[in-house]
Each structure stands twice: as C-alpha cells, then as structure tokens.
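These numbers come from the heavy atoms of this one structure, side chains and all, not from hydrogens, waters or symmetry mates. Each chain gets a letter, A, B and so on, in the order the sequences are listed, and its residues count up from 1.
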Amino acid sequence: MSRLNVSLPGLEMKNPIMPASGCFGFGREFANLYDLNILGAIMIKATTVEPRFGNPTPRVTETPGGMLNAIGLQNPGMEKVIGEELPWLSQFDVPIIANVAGKTIEDYETVAKEISKVDNVKALELNISCPNVKQGGITFGTVPEVAKEVTERVKAVSEVPVYVKLSPNVTDIKEMAKAVEAGGADGITLINTLTGMRIDLNTGKPIIANVTGGLSGPAVKPVALRMVYEVSQTVDIPIIGMGGIQSAEDVLEFYYAGASAVAVGTANFVDPFVCPNIIRDLEKLLDQYQINHITDIIGRSWA
Amino acid sequence: MSRLNVSLPGLEMKNPIMPASGCFGFGREFANLYDLNILGAIMIKATTVEPRFGNPTPRVTETPGGMLNAIGLQNPGMEKVIGEELPWLSQFDVPIIANVAGKTIEDYETVAKEISKVDNVKALELNISCPNVKQGGITFGTVPEVAKEVTERVKAVSEVPVYVKLSPNVTDIKEMAKAVEAGGADGITLINTLTGMRIDLNTGKPIIANVTGGLSGPAVKPVALRMVYEVSQTVDIPIIGMGGIQSAEDVLEFYYAGASAVAVGTANFVDPFVCPNIIRDLEKLLDQYQINHITDIIGRSWA
Amino acid sequence: MVAVEKMVVTEQIEIAKNIFKLVLKGDLVVKVTAPGQFVNLKVTESLDPILPRPISIADLNKENHKMAIIYRIEGRGTELLSYKKIGDEVTIIGPLGNGFPIQDMKSGQKALIVGGGIGTPPLLELSKQLALRGVEVTHVLGFQTKEAVILQQELSEYGKTYVATEDGTEGTKGFVTDVIDQYELEFDRLYTCGPTPMLKALEAKFPEKEVYLSLEERMACGIGACYACVKETCKKDDELGYRKICSDGPVFRAGEVVL
Amino acid sequence: MVAVEKMVVTEQIEIAKNIFKLVLKGDLVVKVTAPGQFVNLKVTESLDPILPRPISIADLNKENHKMAIIYRIEGRGTELLSYKKIGDEVTIIGPLGNGFPIQDMKSGQKALIVGGGIGTPPLLELSKQLALRGVEVTHVLGFQTKEAVILQQELSEYGKTYVATEDGTEGTKGFVTDVIDQYELEFDRLYTCGPTPMLKALEAKFPEKEVYLSLEERMACGIGACYACVKETCKKDDELGYRKICSDGPVFRAGEVVL
Ligand SMILES: Cc1cc2nc3c(=O)[nH]c(=O)nc-3n(C[C@H](O)[C@H](O)[C@H](O)COP(=O)(O)OP(=O)(O)OC[C@H]3O[C@@H](n4cnc5c(N)ncnc54)[C@H](O)[C@@H]3O)c2cc1C
Ligand SMILES: Cc1cc2nc3c(=O)[nH]c(=O)nc-3n(C[C@H](O)[C@H](O)[C@H](O)COP(=O)(O)OP(=O)(O)OC[C@H]3O[C@@H](n4cnc5c(N)ncnc54)[C@H](O)[C@@H]3O)c2cc1C
Ligand SMILES: Cc1cc2nc3c(=O)[nH]c(=O)nc-3n(C[C@H](O)[C@H](O)[C@H](O)COP(=O)(O)O)c2cc1C
Ligand SMILES: Cc1cc2nc3c(=O)[nH]c(=O)nc-3n(C[C@H](O)[C@H](O)[C@H](O)COP(=O)(O)O)c2cc1C
Ligand code: FES
Ligand code: FES
C-alpha cells in the first residue's frame with residue numbers, strides 16, 4: 001500500500017503533491033517534460049468568466065529568495081478552459097482543482113457553477129486572494145464577512161467540494177479561516193502571495209509594470225508555515241499548504257505544521273522537474289524519519 | 001557640504017544610516033569594531049519599565065534569505081538603560097532613538113516620559129509591533145484606534161519627537177499609519193518583523209522555543225518596500241524604512257520608495273561592519289546615479 | 001524536448017569589455033532544433049539568485065556536444081556566471097523557444113542579418129546554418145562604441161559584415177539602418193535581434209518585407225506556463241490576442257506582436 | 001579585537017566520516033587570545049545560507065598565520081563548507097568569545113580535559129597550550145562509535161588519552177564518566193566541551209571541583225549584541241540574571257549558568 005496516498009474532500013490522490021495554480025498553466029507545457037499521471041492533483045491557472053489579457057509587462061521580477069509576479073489572472077476564459085483545456089487534461093488520471101476568480105460574487109458563481117460540472121474537476125479553489133487584480137479580488141480575501149458570503153454562494157452552486165484560498169496579507173488569518181469554514185468551505189488552501197515591490201535602480205521606478213506584485217518562493221516559507229500552523233488548529237477542515245516549497249523536506253515541514261497536502265508554485269520555474277523529484281524523494285524521507293504514512297505526521301508540531 | 005546629511009524631527013544626522021533596534025544592543029559591542037560617530041543615529045534595544053529576561057532559547061533560526069527571532073524584548077530595564085547605557089553612549093556625537101516597549105499603555109508612558117529626558121535621546125521609537133511578546137504588544141500594533149491612543153498618550157509625556165514603529169502583519173498598513181499620524185506621531189518607522197515559523201525536521205517541533213518568531217532580512221525586503229511606498233504616499237510625516245537592507249543599493253531602493261532615512265537590522269549579524277560599509281558606498285552610488293543629495297530622491301518611484 | 005542538465009564549462013573567455021563567451025558541454029546540445037533557441041541557465045545551485053537566466057545559444061557543435069553562449073554582465077546573475085571556471089557545472093534548462101525559420105530559405109536567396117549589441121550572439125549560429133544552406137548572408141551589426149563590438153570576425157566567415165557604432169569609433173557612424181541605406185543592402189528575408197528601438201526601426205522600414213525579430217522579456221518559467229512574457233498581437237482579431245515570447249517565440253514575424 | 005577577514009583555505013581533509021579539518025590562513029589568527037575562542041564563519045558570500053556559523057578554533061599557528069577548525073557536517077552550511085577547496089576564500093568574523101582560562105594553571109598542576117564528540121576540537125589547542133605551560137594533561141574523549149573518534153592521536157602528544165564509545169567499539173564501553181571512574185582520574189581543574197547531557201553529568205559529578213564548560217546555543221551576531229544566546233544564571237540574585245554564550249562565554253565555570 002502506498003505511504004503517500006491522501007484523501008481529501010473530492011480528492012483521491014496518489015500523493016499529496018500538486019502544482020500550485022498559476023505556476024503550471026493548464027499542464028500542457030509540463031506534459032512535454034514528464035508524465036502528469038504521477039502528480040497527486042493539478043491546480044490549474046485561475047479561470048474567469050471572460051478571457052483576460054492580464055497586466056502589462058514586466059510581470060515578474062526576482063527578489064532575495066523569492067520572486068514577485070503580477071500576471072493579472074491572464075486566462076482564456078471559462079468557455080475555452082471548459083471546452084479545450086479540461087478535456088485535454090482528462091487524458092490523465094489526475095484530479096483537477098479549478099482555481100476560480102472574478103470581479104464580482106456573480107462572476108465566482110458563474111465560473112464555479114459551470115466548471116464544477118466538468119468530469120475531471122474534482123474540487124474548486126476559490127481565489128479570493130489574488131493581490132494583482134485591481135477591482136474586487138483583494139477585498140474578498142481580507143474581509144471575513146465577504147469571504148464567508150462568497151464561499152456560501154459558491155457552495156450553493158458548485159457540484160464539487162470547495163476549497164478557499166486565503167491571502168496572507170491580513171492581520172488575522174484565523175478569522176479569515178473561521179469565516180470561510182462557517183461559509184461551508186470543504187478545505188482551505190494557503191498561502192497566496194504577499195504583496196511586495198521592487199524598484200529599478202536605474203530609473204527609480206517599480207520594476208513590475210503593475211507597481212506591486214505577489215511575493216512567492218522560499219522567502220515566504222516561514223510566513224506560510226506559521227499560517228498553516230495557526231489555521232490548522234483553528235478549523236476542522238483540511239488545509240493544502242503552499243509557499244516556498246522546493247523539496248521533500250519542505251513538504252514534511254508543512255505536514256508537521258498541520259497541512260494535509262501541499263502545492264508547489266515558484267519552484268516549478270527553478271526546476272521544471274521539481275514535482276516528480278519531490279514525489280520521488282518523499283518516499284525516501286519517510287524511511288529516513290521512520291514515518292509509516294504521510295498522514296501520520298499532520299500537525300506533529302502542535303503543542 | 002555633505003550629500004548625505006538628513007534632518008528629521010528631533011534628528012540632525014550626518015547620514016541617513018542607523019542600526020535598527022534590537023540588532024545593535026546599546027552599541028557597546030560594535031564600538032569595539034568601529035567608531036560609532038560615523039553613524040547617522042542609533043536605535044537602541046527596546047526598553048521596558050522592568051528588566052526583562054525574554055524568551056527561552058533557541059531564540060533565533062535561519063530561513064531562506066532571512067532569519068526568525070523571538071528574543072522577547074530582553075533588556076536591563078529603564079533604570080539601567082538611563083543610568084548606564086545612555087550615559088555611556090553620550091560619548092558619541094550621534095543622536096539616539098530610544099525604542100520603547102511595554103505591556104500596557106501606562107508602561108509606554110512611564111518609559112517614554114523618563115527616557116525622553118535623557119540628553120542624547122533625540123527621539124523615541126514606539127515599538128507597538130513586536131510580535132514576540134505575548135501580552136499587549138501585538139494588539140497595539142494591529143488595531144488602528146489602539147495605536148492612535150498609545151501615540152497620543154506617549155506624545156503627551158515625551159520631551160522629544162515620537163516615531164511609531166509599525167507591524168507589517170496587518171491587512172492595511174495605510175490605516176495604521178493614518179491612525180498614528182492622527183495620534184500626533186512625528187514620524188513612522190517600518191517594518192518590524194513578519195510573524196513566521198520553522199520546524200525542526202528531526203523532532204517535528206518548532207525550532208524557536210517561542211514557537212513563532214519575527215522574520216527579518218533580505219527575504220522581507222519586497223514587503224517592506226511596498227509598505228514604505230504605500231505609507232509614504234498616505235501620510236505627511238517622514239518614514240524611516242527598514243527590512244532587509246544589506247547594501248547602499250538597498251538604501252536607494254528604500255529612498256525611491258519614499259523613505260527619508262533607513263535602518264539596518266539583520267545585516268549587522270552577517271557583517272558587523274555593514275553600516276560603515278553602506279555609508280562609504282552610498283556616497284559613490286550617488287555619483288554613479290548622478291544624485292546630488294540623497295534627499296532629492298525621496299519617493300522617486302511614485303507615479 | 002526540454003531537458004534539465006548539469007552542463008560542464010569547457011571554456012570561458014572575455015571577448016569584449018564585460019562580455020563573455022562560455023562554452024558548455026552536455027547531451028542537451030543534441031536537442032537543439034533551430035538557431036535562435038535559448039536556454040534558461042541557473043547561475044548557482046543556491047537560491048540567490050533564484051530564477052534562471054534566459055540566454056541565447058550562440059554557437060553549436062552537436063558532434064562534440066558543445067554549445068557556446070555569449071553574455072554581457074548586466075547584474076548579479078551574469079556576474080556570478082562570469083566566475084565559472086573550466087570544469088564547473090551549470091544547470092541548464094533547454095533548449096527553449098522556436099528559433100529562426102530557415103528551412104524554407106533556398107540556396108542563392110539573400111538573407112540580411114542585423115544584430116544590435118548583445119542581441120548579436122544568436123545570429124552567429126543562424127548565419128552559420130544559412131551559409132551552410134547556400135544562402136547569401138550579409139551582416140549589419142550596431143554597437144555603441146568600438147569596445148563593445150563583438151562577433152564581427154566570426155560572422156565575416158559566413159558573409160559580408162558591416163559595423164555601425166553610435167559614436168563612430170568603428171565602421172559607419174550611426175545606426176544599423178544608416179548602414180543599410182548607405183550600402184543599399186537588399187535581401188529576401190531579414191533576421192534581427194537587438195534592442196527594441198532597433199527592432200521597431202527595422203519593422204517600420206521594411207513593412208512589405210519578410211522580417212523576423214527575436215524578442216526579450218523578463219521571464220520566469222521559460223516554457224510557456226506562467227504567462228510572464230506575453231506580448232499583445234498586432235491583429236486585434238487574433239484568436240488568442242497574445243503570444244508568449246518564451247514558447248511562441250522568441251522569434252516572431254514582424255507585425256505579429258506589438259513591440 | 002574582532003575582525004572580518006577573507007581567509008584562504010590551505011587544507012581541507014576528511015578526518016573521520018563527515019568530519020573535516022579545514023586550515024585557514026589570514027591575519028585574524030594573531031588576534032586570538034585564548035584556546036576555546038571561536039569564529040563566525042560565512043560559508044558563502046550569497047544570502048543562502050545567510051547567517052554565519054559559529055565554529056571553535058581547534059589549532060593555532062600564529063607564526064604562519066594559520067588556524068584549523070574541525071567540523072562535522074550537520075546541515076547545509078557545514079555541507080557547503082566541506083566543498084571549499086585549497087585557495088578558496090572564506091569570510092571569517094572573529095576571534096569571538098573568551099575561551100578557557102589557563103593563565104592561572106601552574107606547571108605540575110593536573111588538568112583533566114574531557115571532550116564529547118564534535119565538542120572535542122577546541123580542546124586540542126587548549127591541551128597544547130596547557131602542556132606548554134608544564135601542566136600535566138589527561139584526556140578523556142567520548143564518542144558514539146569507533147568511526148566517530150577524532151583527535152585521539154593528536155591529543156596523545158600532550159598527555160594520556162582515554163576513549164569511551166557508547167557501543168564499545170573503541171576504548172571503554174560507556175560514557176566519559178565511566179572512564180573517569182574506571183581509572184580514578186584526578187585533577188586540579190576539569191575542562192570540557194561536548195553535548196549538554198555530558199556537561200550536566202560532569203557538573204553534577206564534581207560539585208566541589210573547578211570545572212569549566214564550553215557551551216553552545218543558536219547564535220546570530222556572535223558578539224553579544226542580539227541577545228540570541230543567553231543562559232540564565234544559577235544564582236537567582238545575580239545582578240544580570242543571564243549570560244551571553246557568545247561574548248560572556250562560550251566557556252563558563254560550572255555552576256554559573258543553568259545548563
Ligand atoms: C530569450 C532571451 C535571450 C537572451 N539572450 C541573451 C544573450 O544571448 N546574451 C545576453 O547577454 N543576454 C541575453 N538575454 C538577456 C539576459 O537574460 C539578461 O541580461 C540577464 O537575465 C540579466 O541577468 P542578471 O542577473 O545579470 O541581471 P539582473 O538585472 O540582476 O537580473 C534580475 C532579473 O531580471 C531578469 N532580466 C534582467 N534583464 C533581462 C532581460 N534583458 N531580459 C530578460 N530578463 C532580464 C533576469 O533574468 C533576472 O530574473 C536574453 C534574454 C532573453 C529573454
Ligand atoms: C561556540 C560554538 C562553537 C562551535 N564549534 C563547533 C566546532 O568546532 N565544530 C563543529 O562541528 N560544530 C561546532 N559548533 C556547532 C556548529 O555551529 C553547528 O554544527 C553549525 O552551525 C551547523 O550548521 P549547518 O548549516 O551545517 O546546520 P543547520 O542545521 O542547517 O544550521 C541552521 C542554523 O542553525 C544553527 N545551528 C545548528 N546547529 C547548531 C549548534 N549546535 N550550535 C549553534 N548553532 C547551530 C546554524 O548556525 C544555522 O544558523 C559550535 C557551535 C557554537 C555555538
Ligand atoms: C507566476 C505566478 C502566477 C500565479 N497565479 C496564480 C493564480 O492564477 N491563482 C492563484 O490562486 N494563485 C496564483 N499564484 C500563487 C501560487 O499559486 C501560490 O499560492 C504562491 O505562489 C505561493 O507558493 P510558492 O511559493 O510555491 O510559489 C501564482 C504565483 C505565481 C508565482
Ligand atoms: C534579533 C532581533 C532583535 C530585534 N529586536 C527588536 C526590538 O527590540 N525592538 C524593535 O522595535 N525591533 C526589533 N527588531 C526588529 C528590527 O529592528 C527590524 O525592524 C527588523 O529586523 C527588520 O529589519 P532587518 O530586515 O534589517 O533586520 C529585532 C530584529 C532582530 C533580528
Ligand atoms: S516565461 Fe513563463 S510563459 Fe514565458
Ligand atoms: S549571538 Fe548575539 S548575543 Fe550572542
């Protein structure tokens with residue numbers, strides 16, 4: 001029996017490793033590199049009702065131990081994702097988590113309703129936390145009542161379990177978690193990116209055209225771990241943890257903090273084979289630390 | 001005429017470079033390494049009414065591009081700081097910024113009142129943002145109304161200008177800045193540390209005995225810059241920026257973002273000569289970028 | 001197919017001020033399919049700096065599994081790269097992108113290859129392969145000043161090579177377009193890589209001609225997954241409305257995307 | 001006085017499994033004032049890892065400006081250190097701390113030096129200097145197993161050297177305290193460095209004796225400025241109530257701080 005298989009609402013996974021939304025497109029590029037069947041799940045790029053072009057470039061820049069991005073939720077729109085991307089992904093025996101974004105609650109409802117009908121979409125991830133979209137987006141992710149309402153309304157129309165992705169840019173992540181749990185969320189994913197900035201020394205102007213961007217990568221790992229630790233002890237729904245994961249060791253750390261599965265974002269850009277490598281190393285690491293099954297260690301760091 | 005001299009409320013400085021509170025003790029150790037007279041100012045270790053032992057060890061650990069600390073405001077108490085440390089520091093022609101901490105508003109008032117009477121203390125820095133003290137501390141730094149009240153009450157008793165040090169662990173740093181400005185703050189210092197965590201793979205337990213710690217160092221620089229950028233355009237009082245500064249280039253970035261002076265924390269541990277090195281390099285950098293005076297570039301990144 | 005490989009440094013020389021030629025050996029070389037492709041290069045195994053750097057393949061030798069890249073020290077990443085010594089390993093992700101179309105160029109046709117500054121390197125392999133096909137190649141290279149001139153000699157092997165410098169310290173004083181005018185250069189197809197103003201000038205100058213431009217943008221993934229490097233299409237009714245420089249380019253037909 | 005210096009690697013050898021001896025050359029060496037002092041060592045110029053690593057000075061040669069450190073690969077920092085080659089530079093902050101008191105030890109007096117595992121290295125220079133003063137030195141070293149034994153031969157040069165291993169694969173089976181009992185070792189002063197349980201056992205065993213312990217704690221500044229490395233004092237009425245391991249220690253008289 002596998003020591004890595006994990007069951008979460010809607011998700012029967014071979015292992016708890018999945019690429020994070022926005023860092024893996026719709027899988028096509030990585031399918032050229034390795035067999036996507038080995039992944040625990042795939043979180044696809046944020047999908048909105050209409051196609052979106054996103055922000056002007058430069059959209060990314062590097063920071064110490066991390067990177068900033070302000071892609072601006074570029075995506076081909078719900079219709080194409082449902083009509084082309086998801087059918088293409090159905091060739092793989094991997095549950096898809098559809099990342100849903102929008103400007104209004106109605107947008108979220110529309111996308112959630114339609115995309116949750118697709119066969120291989122096993123769960124939704126409500127992106128109420130994208131810092132790079134000017135309207136809507138960010139407020140949903142920082143006001144508990146609004147987050148609760150979005151969650152409730154999406155739950156009412158979704159045919160699959162709903163995970164809510166929380167923003168780390170809040171005073172009290174526990175409040176946010178409790179709000180979305182009360183709204184009926186089946187799980188929580190965190191963290192999205194921390195809002196940050198970098199300035200070009202030659203021009204004195206921000207490097208990212210959008211001025212600020214979302215900070216991700218190893219630099220944010222301590223913040224992500226702290227939030228997983230806090231939230232996992234506050235709510236009764238499972239957490240998919242992310243933020244700076246680069247190695248199987250990092251996966252253990254998130255499990256100890258209280259995560260029930262993890263997602264890998266930025267690291268896919270540093271090494272496109274990072275997900276298969278982590279899955280390979282994880283099994284060895286369980287031996288090394290004499291862990292019988294990965295689920296045995298959830299929350300081991302709790303007092 | 002110097003191209004680096006800077007005047008801020010209470011502070012006439014040869015240059016805008018000062019060690020950050022808690023990363024320089026009361027200067028004694030660094031005085032063995034170089035002449036403290038070259039510094040623009042010194043932010044001394046947080047001072048509380050009573051002596052404090054602080055948290056159990058381990059108190060520090062490393063993270064990707066940064067570090068976590070949970071010192072717990074260890075300090076010899078107001079009486080000793082006023083009776084021994086500040087007189088010793090008075091041998092240097094450098095303005096001292098006294099970092100004031102406490103559990104209650106009364107604590108802040110008591111320390112502020114007494115310490116602001118000392119001759120070489122030219123400004124206070126209200127530490128309402130230390131994440132490593134369990135009672136009091138953190139609430140002051142995350143609730144605008146409370147922050148305003150502490151500021152007002154300290155302003156009423158202080159004989160020198162009061163800077164308020166803001167926590168980055170908030171949803172809206174602009175709100176906090178406006179609150180302390182309304183409370184009469186003469187300036188703002190930011191950022192204090194982001195709350196983070198790291199787990200020991202061998203034990204599965206947090207490495208920091210206090211469980212969480214404050215994240216500092218280059219990893220947080222993008223967050224610090226973003227907050228300086230936001231706050232400097234929101235309030236009319238000057239900002240002393242900090243968070244991950246390691247080089248003269250970093251100083252320029254903070255100036256472009258909107259800072260009027262900067263503090264250097266963690267980098268003092270990586271290279272104890274970092275402050276003199278930055279001061280030396282800064283002058284050259286002004287040449288390279290054809291900047292006449294450092295104050296010319298404050299906020300150059302603003303739209 | 002894209003691979004990740006630790007390639008070994010077999011040569012590192014400074015060919016002009018702050019411009020280096022680095023030769024790397026590894027199996028990845030045989031996967032290169034076209035001149036103008038690039039690699040994403042990790043300058044260190046540590047996370048400082050964390051992102052790989054996109055650098056064009058300048059010269060290829062599939063038989064002995066070697067390729068050369070030519071880069072200018074711009075910032076910390078390229079500076080660290082310049083410290084690599086023979087025998088050191090460098091992690092390479094590649095080959096990436098589609099490169100310049102050459103299969104449809106026939107012997108006897110005329111190609112004008114225009115390079116600007118540090119955009120010149122990928123044109124070396126391009127020129128070599130065109131020449132091999134019997135295409136008549138002419139080069140026009142633009143630089144700021146004499147010290148910045150690179151690859152003039154190497155390119156001369158494959159065809160006539162003109163140089164322009166902005167300050168006139170070498171060749172024609174002025175821009176590549178001045179050289180083209182001055183010598184009334186003719187071509188069936190123009191290939192170019194260099195700074196955006198130069199690409200814009202060439203696009204504007206030859207609206208009726210077949211012009212291929214190699215573009216740059218800040219990248220993260222380099223393979224088309226992150227949407228960091230998009231450009232809008234010129235045609236507003238284009239089905240997608242955008243192209244990714246890393247995976248749809250970096251070479252585009254002039255008029256395809258907005259420069 | 002503390003200096004920051006790029007010292008040059010002149011030797012790097014693996015003296016036991018995952019344990020390395022690194023010899024560094026530089027002017028900083030002449031500033032060392034006592035055995036048991038340590039340095040803070042940057043394993044890379046990059047910010048990954050960012051903090052310097054505290055490592056004891058194991059052997060000193062002031063004349064030719066060399067010092068040796070002996071370290072075990074524990075994590076990423078020490079692993080990276082083990083890749084340093086002859087000629088490489090390593091940035092060192094030091095010397096730090098106060099080291100072992102030896103000035104008051106007289107010729108003919110007896111010192112018992114007890115080392116545990118990777119705590120043994122600073123005892124080498126200590127023993128050398130004590131022996132030079134005519135002090136009669138005896139060593140007891142404790143390790144987990146035979147493969148982990150280090151410095152047995154080097155220390156034998158200065159005095160009798162006993163070894164204990166937990167699994168009995170070398171010397172006495174058991175702990176250093178077992179060796180001391182077994183051979184009824186006597187001393188005027190005991191110096192020790194090693195894991196905390198060992199230090200505690202020695203402190204408890206010789207409450208009436210002069211025992212000096214070298215301690216460890218996670219550090220940041222290494223110079224006494226950050227309050228990362230404090231230990232509570234045993235005496236509750238101590239004026240400070242704490243000591244900093246980096247600047248007040250790392251060596252303390254047993255009974256001064258709570259282990
Ligand atoms: C397809 C492509 C091919 C290229 N080929 C070459 C080549 O053959 N020779 C050469 O010298 N340069 C080439 N460049 C530019 C090269 O990528 C940058 O000069 C290099 O990344 C700068 O890195 P740095 O760390 O020295 O500078 P920094 O400014 O410190 O880099 C910081 C970050 O910005 C990015 N960045 C900075 N400048 C550029 C740029 N112009 N384009 C894309 N990203 C940038 C870096 O990749 C890095 O993520 C190419 C760029 C692209 C997109
Ligand atoms: C005064 C002093 C003298 C020392 N002398 C020696 C010596 O001579 N030989 C030797 O092998 N080791 C010695 N150590 C321990 C050595 O500092 C650690 O083994 C080393 O820092 C581990 O670094 P790493 O990157 O390999 O491990 P990691 O676990 O990756 O290190 C992560 C962080 O934890 C810190 N850390 C980890 N373990 C320790 C520890 N035991 N003590 C202090 N900080 C630690 C590191 O400095 C770093 O900041 C000494 C420690 C101190 C305090
Ligand atoms: C280039 C990029 C694009 C992203 N796009 C999305 C997105 O569309 N939807 C979303 O919920 N999160 C998005 N994220 C956030 C990641 O899914 C993830 O939460 C974050 O990057 C932290 O993980 P990491 O440190 O492993 O990258 C994006 C991140 C990056 C770097
Ligand atoms: C070890 C340590 C101790 C600190 N102690 C204090 C303190 O006593 N008072 C305070 O206001 N900030 C304290 N700080 C926060 C710093 O002053 C500074 O705000 C923060 O570290 C960000 O700057 P940096 O990235 O340059 O370190 C401490 C930071 C560190 C690393
Ligand atoms: S760099 Fe990721 S899509 Fe081009
Ligand atoms: S490490 Fe900073 S006080 Fe000891």
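Of residues 237-246 of chain B, no residue lies under 4.5 Å from chain A by any heavy-atom pair. Of all residues in residues 254-275 of chain B, those placing a non-hydrogen atom less than 4.5 angstrom from a non-hydrogen atom of chain A are B:Y256, B:A257.
The main-chain N or O of A:I279 is never found under 3.5 Å from a side-chain atom of A:E283 such that the two would form a donor-acceptor pair. Put simply, the side chain of A:N169 gets close to the backbone of A:T193: a donor and an acceptor are under 3.5 Å apart.
In this model, a donor atom of one side chain and an acceptor atom of the other lie less than 3.5 Å apart for B:R198 and B:T61. Side chains of A:R226 and B:T212: a donor-acceptor N/O pair is absent below 3.5 angstrom, by distance only.
Most heavy-atom pairs under 4.5 Å with chain B: of the set A:A224, A:P64, A:G65, A:A303, this distinction falls to A:P64. In terms of heavy-atom pairs under 4.5 Å with chain B, the best-connected choice from A:I297, A:L201, A:V223 is A:L201. Of all the listed residues (A:L68, A:D172, A:D200, A:N202), the one sharing the greatest number of non-hydrogen pairs under 4.5 Å with chain B is A:N202.
Residue contact with chain B, scored on non-hydrogen atoms closer than 4.5 Å, involves the backbone and the side chain of A:L225 alike.
Among all heavy-atom pairs drawn from B:A219 and A:L215, the shortest one is O-CD2, 3.9 Å. Closest of all the heavy-atom pairs between B:A179 and B:P144 is CB-O, 3.3 Å. Here the closest heavy-atom approach between residue B:K103 and residue B:F140 is recorded as O-CZ, 3.7 Å.
We find the CG-OG distance between A:N127 and A:S21 to be 6.5 Å, quoted to the nearest 0.5 Å.
Ion pairing between B:E253 and B:K221 holds under the 4.0 Å rule for side-chain N and carboxylate O. Look at A:R3 and A:D296 and you find no salt bridge, because none of the NZ, NE, NH1 or NH2 atoms lies under 4.0 Å from a carboxylate O. Salt bridge status for A:E175 with A:K178: present, with a side-chain N to carboxylate O gap under 4.0 Å.
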